[in-house]
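Working notes, beginning with the structure itself.
Throughout, protein chains are lettered first and strands after them, A, B, ... in sequence-line order, and every chain is numbered starting at 1.
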Amino acid sequence: MSKQSWIKRWTLAAVAFGASLGQAVADKVSTFALDNGMQVVVIEDHRAPVVVHMVWYKIGAADESPGHSGIAHFLEHLMFQGTKDVPPEQFSKIVAAQGGSDNAFTTPDYTAYFQRVAADRLDLVMTMEADRMHNLTLSQNDVDTERNVILDERTERTDSDPASLLGEQMSAAQYMNHPYGIPVIGWRHEIEGLSRQDALDFYHANYAPNNAILIVAGDVSPQDVLDLAKKHYGPIPPSDKIHDRIRPTEPPQLAERRLVLADERVAQPYVARSYLAAERNSGDQKEAAALTMLAQLLGGNRATSVLARALEFDQKVATYTEASYDGVSLDQTTFGLAVVPADGVTLDQVEKAMDAVLDQFLKTGVDAAEFARIKAQVKAEQIYSADNTQGLAHRYGMALASGLTVQDVQAWPDVLQAVTAEEVMAEAKKVLDRRQAVTGWLQTEGAAQ
Amino acid sequence: MMVRALALMGTLICLALPLRAEVAIQEVTSPGGIKAWLVENHDIPFTALNIRFKGGTSLDAAGKRGAVNLMTALIEEGAGDLDSQAFAAARDGMAAEFGFASDSDGVSVSARFLTDTSAQATDLLHLALTKPRFDAEAIERVRGQVLQNIASSAKDPGTIASDLLSKAAFGDHPYGSSGDGTADSVQALTRDDLLAAYHGALARDRIYVAAAGDISAADLGLMLDKLLGDLPATGAPQPADVALTAKGDVTQQSFPGPQSTISFYQGGIKFEDPDYFAATILNEILGGNGFSSRLMDQVREKRGLTYGIDTSLAAYDHAALLAGSVATSNEKAAETMQVIRDVWADVAKNGVTQKEVDDTKTYLTGAYPLRFDGNKRIASILVGMQMLGLPVTYPAERNAKVQAVTLADVNRVAAKVLTPDKLTFVVVGDAVGVTAGN
């Protein structure tokens with residue numbers, strides 16, 4: 001077990017540099033659009049006879065109607081319940097029978113389904129994925145069983161984990177009006193009320209080729225993929241119900257929100273802080289790039305980042321520090337900090353120490369040597385990321401389902417590289433505003449702080 | 001619609017041909033005599049390197065539990081003239097990545113470095129492996145992290161269950177306790193203890209090496225001599241094999257919350273056993289590949305008792321077990337355990353079906369070639385193969401070994417290996433009515 005692994009349980013993975021692709025890789029990306037509006041992206045990697053096939057729907061938990069939290073995720077589960085041609089629960093078994101693996105996931109902004117199979121079995125998985133885009137059948141019994149599975153999933157992943165509960169409470173406090181404040185899995189009392197009809201309504205309103213992105217990555221030729229896509233997805237009619245996603249926006253945030261979650265199951269108290277932050281926008285990624293570099297400077301390196309240096313090495317008041325930011329988001333996202341106090345240090349003390357370090361950083365500015373090292377890593381990441389085709393496919397999918405374009409994804413490394421120290425500091429001053437922040441303490445029940 | 005359904009199944013049958021993993025492995029021996037496996041690929045200008053030292057946390061000396069774990073965590077905390085921060089800066093300045101980890105059978109070192117800085121990266125990694133500083137400041141800082149980790153584990157139901165299972169199965173053997181050590185044992189470790197752990201664990205008589213990426217066999221040989229040539233020739237003696245204990249009882253530890261974490265195990269089968277592949281197929285059918293196993297079918301799909309259940313054949317260097325885990329609500333724990341026992345007894349007595357064996361063989365043979373994508377994954381797999389004593393031809397031959405297993409083999413192994421009365425449970429949570437069911 002790594003020495004800091006436990007904290008990953010409460011925070012979404014701190015994506016270091018987001019999508020970053022080298023020219024060598026960018027050259028192997030082809031894009032198409034089908035007549036029915038479905039976007040197609042092909043990423044070639046011929047090193048192994050493997051293909052990853054993904055369909056991303058531009059619909060997520062933040063698009064649910066009030067009172068129906070969890071319906072996007074519930075439908076994701078129910079998409080494995082079958083069609084007229086593929087019996088219930090058989091989808092994954094058919095993929096597994098070919099040696100493949102498949103899964104799906106739901107986020108606030110999108111819902112994605114993917115399979116990883118031998119390259120010569122692309123036709124099969126595409127047949128089945130296209131089939132369930134418009135032919136889903138649901139029995140009442142399957143819906144009832146799956147609802148229990150999801151309630152168990154919520155129990156296991158959220159209700160049994162105080163760190164997850166704190167994260168959920170902090171998001172709810174961070175977003176006063178935007179639906180990002182509602183958990184993807186849903187509030188328990190609302191999950192309990194989700195019906196078969198709710199799932200079918202959500203499916204018919206949102207699952208259509210003109211609301212979907214097809215990503216195929218691996219040992220394939222773009223022309224073959226296009227031919228297959230035309231054959232399987234081409235005949236599915238577009239929906240006239242798909243519209244731009246306009247969600248409620250945040251009012252001015254004028255006061256910091258502070259939470260304490262005390263739970264007897266907590267072994268390791270910590271302080272977490274999230275600030276409302278700008279996201280990457282198509283053709284306009286500079287602000288997000290500066291925030292990405294800011295997160296790296298503050299908490300990217302376990303030994304040399306601003307927070308680690310001050311709190312772990314110099315003052316020894318913390319055993320773990322983190323700064324996280326992922327700009328891939330349809331709407332306003334968050335910039336996160338977390339600090340684990342050393343033995344004998346209170347949450348109040350470690351939080352004050354963290355804020356003092358931030359104040360000092362705003363005065364002294366960017367360490368030029370650290371900034372240069374981060375830029376070297378950004379450059380290298382373009383090379384390393386080419387080793388993981390599924391990861392590349394994922395990056396394109398996330399970006400395209402979050403309002404970005406292929407051009408934005410390919411421009412991102414250069415946008416990061418062009419960030420100046422002055423731009424980082426301007427963003428730091430803007431984002432590190434306690435009035436737009438939520439501070440959460442996770443502590444053991446009954447602990448005096 | 002029946003017609004289309006049949007057509008689809010027809011497609012499946014046509015496609016269900018076993019693939020062979022086509023990965024060209026070179027056996028490399030450095031001028032200094034260090035052996036390694038290499039998959040050369042010059043598409044992307046970097047190399048992934050994986051080094052494993054056999055032994056790991058099981059080499060902890062008596063009373064020094066946690067020494068190898070803490071020592072491994074300190075390798076990247078300064079070496080030679082460089083303290084922790086200077087080492088991190090040097091590594092990041094050339095955008096190299098080093099990882100150091102330990103488990104009960106080994107200490108592993110993984111690295112990725114760019115082709116144009118490979119010489120400097122080799123020098124830096126060499127410094128870490130041969131001249132770690134173990135500065136007092138770093139020891140105390142990392143010790144604090146490890147102690148917090150131990151405290152967190154003590155409140156994590158999954159870790160509690162896994163520790164209880166290890167204790168029940170392996171007793172006083174190193175496998176019977178967490179390699180992290182206890183708060184007391186870690187608190188007591190001295191710098192000398194860490195130096196002793198370092199000298200015992202990192203030696204040339206226990207090295208396995210693999211590389212994949214933008215490097216030639218000749219260059220890899222030179223690199224390995226530079227990197228590993230001056231490590232000591234021998235290290236600490238390896239631990240003995242351990243006989244597994246599985247009494248078929250239930251151990252419960254209370255834990256607050258609505259859910260119980262249940263681990264279960266019995267004796268397994270070692271990789272060298274001629275029945276290993278039949279047992280692999282059996283495990284897949286029982287609880288292996290998630291969505292299509294007997295347990296997943298009975299526990300999740302038929303009854304909605306859990307989000308997931310799985311089993312695995314764990315073949316350690318010195319023991320083997322067949323183990324599984326599931327989390328379920330407290331009131332459904334007893335029912336879940338009974339379903340598991342019933343499935344176990346049914347498969348032991350009645351075996352599995354020809355279709356299950358065929359499907360599993362198609363799955364295993366189809367999945368195998370998919371593992372070898374990416375330099376990082378290949379380097380890691382190749383080290384694992386060497387530790388099992390496999391030849392470089394294994395990837396090409398492995399699927400034929402799976403194909404050779406018959407239904408009769410699987411059922412014979414099911415009757416021999418599955419011992420429902422020895423299926424031992426650990427329950428962490430406030431489940432009620434959980435008792436031994438035999």
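Neither side chain, A:Y270 nor A:Q268, offers a donor N or O lying under 3.5 Å from an acceptor on the other.
In terms of heavy-atom pairs under 4.5 Å with chain A, the best-connected choice from B:A89, B:A151, B:A88 is B:A89. For the options A:V149, A:V95, A:V51, heavy-atom pairs under 4.5 Å to chain B are most numerous at A:V149. Here B:N375 is the residue among B:D373, B:T306, B:N375 with the most heavy-atom pairs under 4.5 Å with chain A. When each of B:I44, B:D359, B:T117 is checked for heavy-atom pairs under 4.5 Å with chain A, B:I44 comes out on top. Your options are A:R147, A:E264, A:R265, and the one with the most heavy-atom pairs under 4.5 Å with chain B is A:R265.
Under the 30°/60° scheme for interplanar angles, the aromatic rings of A:Y384 and B:F46 are found to stand perpendicular.
With a threshold of 4.5 angstrom between heavy atoms, B:R112 approaches chain A through its backbone and through its side chain. Using a 4.5 Å cut-off between heavy atoms, A:R157 touches chain B through its side chain atoms alone. Residue contact with chain A, scored on non-hydrogen atoms closer than 4.5 Å, is absent for B:L364. For A:T155, the parts sitting under 4.5 Å from any heavy atom of chain B are the backbone and the side chain alike. For a residue to count as touching a neighbouring chain, one of its non-hydrogen atoms must lie under 4.5 Å from one of that chain's; by this rule A:E146 touches chain B with the side chain only. Using a 4.5 Å cut-off between heavy atoms, B:R143 does not touch chain A at all. Using a 4.5 Å cut-off between heavy atoms, B:L147 does not touch chain A at all.
With A:V86 as the partner, the side chain to side chain contact (heavy atoms under 4.5 Å, CB included) test is satisfied by one option alone out of A:R132, A:M128, A:Q81, A:K93: A:M128.
Salt bridge A:D387/A:R47: present, at least one basic N to carboxylate O contact under 4.0 Å.
In this structure, the side chains of B:T261 and B:F255 stay at 4.5 Å or more apart for every pair of heavy atoms. Within the 4.5 Å cutoff, the side chain of B:E137 has no heavy atoms near those of the B:D83 side chain.
Every side chain to side chain donor-acceptor pair (under 3.5 Å) that B:D103 has, sequence neighbours left out, goes to B:R52. Here A:F74 pairs with nothing under the ring-ring contact (aromatic ring centres under 6.0 Å, His included) rule; sequence neighbours left out.
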